[in-house]
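Data block below; observations after.
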Amino acid sequence: MASPVLVVAAAIVDDLDDPRELLAARRATPASLAGRWEFPGGKVDAGESPEQALHRELREELGVRVGLGAELVGPDDGAWRISDAYVMRLWLAEIVSGTPEPLVEHDEIRWLPVGQWADVPWLDADVRIVDALVASTAGEAVTSEDRSV
Ligand SMILES: Nc1nc2c([nH]c(=O)n2[C@H]2C[C@H](O)[C@@H](COP(=O)(O)OP(=O)(O)OP(=O)(O)O)O2)c(=O)[nH]1
């Protein structure tokens with residue numbers, strides 16, 4: 001069987017040191033995925049490193065440049081198996097220039113506040129990844145109630 005194609009994506013947060021908002025993107029295409037939310041990103045092209053591909057995809061899809069933080073290491077040889085055809089790697093990221101807009105395959109982007117990161121209909125394969133992301137950033141994401149004490 002052919003080895004799965006590598007997809008790279010970003011969990012873009014407002015602040016890598018204190019992540020409170022997560023950027024989710026709603027797919028407009030293809031019809032089978034339209035209306036579901038995902039991490040912006042895409043396939044790695046021949047000759048690209050995963051990180052190069054991720055920067056390219058975020059420029060093309062959202063019009064932003066990012067700084068990458070830690071990778072959210074997955075259970076499938078360090079990555080996240082998302083289907084028979086694809087395996088995904090995901091990095092935390094922070095915008096360093098540009099204002100994100102849904103330029104290509106998305107019709108909406110949304111900053112999800114802390115505590116509501118799972119509250120949109122993510123692509124099926126992303127649900128466990130969002131859960132892992134919430135768990136991995138829980139220690140850093142301080143609620144507004146915490147801040148006031
Ligand atoms: N970008 C992205 N793709 C995901 C996620 N979760 C998930 O199952 N996928 C699937 C959807 C697609 O079937 C597959 C490939 O992603 P893609 O369609 O964004 O790749 P791409 O931008 O390179 O697409 P294209 O230029 O070939 O049209 O991965 C996710 O969180 N982000």
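Nothing fancy with the numbering, it's 1 onward along the sequence. Start at 1 and go down the list; that is how both ligands and their atoms are numbered.
- Residues satisfying the side chain to side chain donor-acceptor pair (under 3.5 Å) test with R59, not counting sequence neighbours, are none.
- Look at D126 and R36 and you find no salt bridge, because none of the NZ, NE, NH1 or NH2 atoms lies under 4.0 Å from a carboxylate O.
- Heavy atoms only, all atoms of each residue included: R89 and P50 are closest at NH1-CG, 3.8 Å.
- Summarising the geometry of F39 relative to L90, their closest heavy-atom pair is CG-CD1, 3.6 Å, with the distance given to 0.1 Å.
- In this structure, A34 has no side chain to side chain contact (heavy atoms under 4.5 Å, CB included) partners at least two apart in sequence or on a different chain.
- Counting only residues at least two apart or in different chains, side chain to side chain donor-acceptor pair (under 3.5 Å) contacts with residues 21-30 comprise R26-D107, R26-E108, R27-E38.
- Protein neighbours of ligand 1 below 4.0 Å, counting non-hydrogen atoms: V7, R27, L33, E38, F39, G41, G42, K43, E57, E61, I82, Y86, M88, E105, L123, A125, D126.
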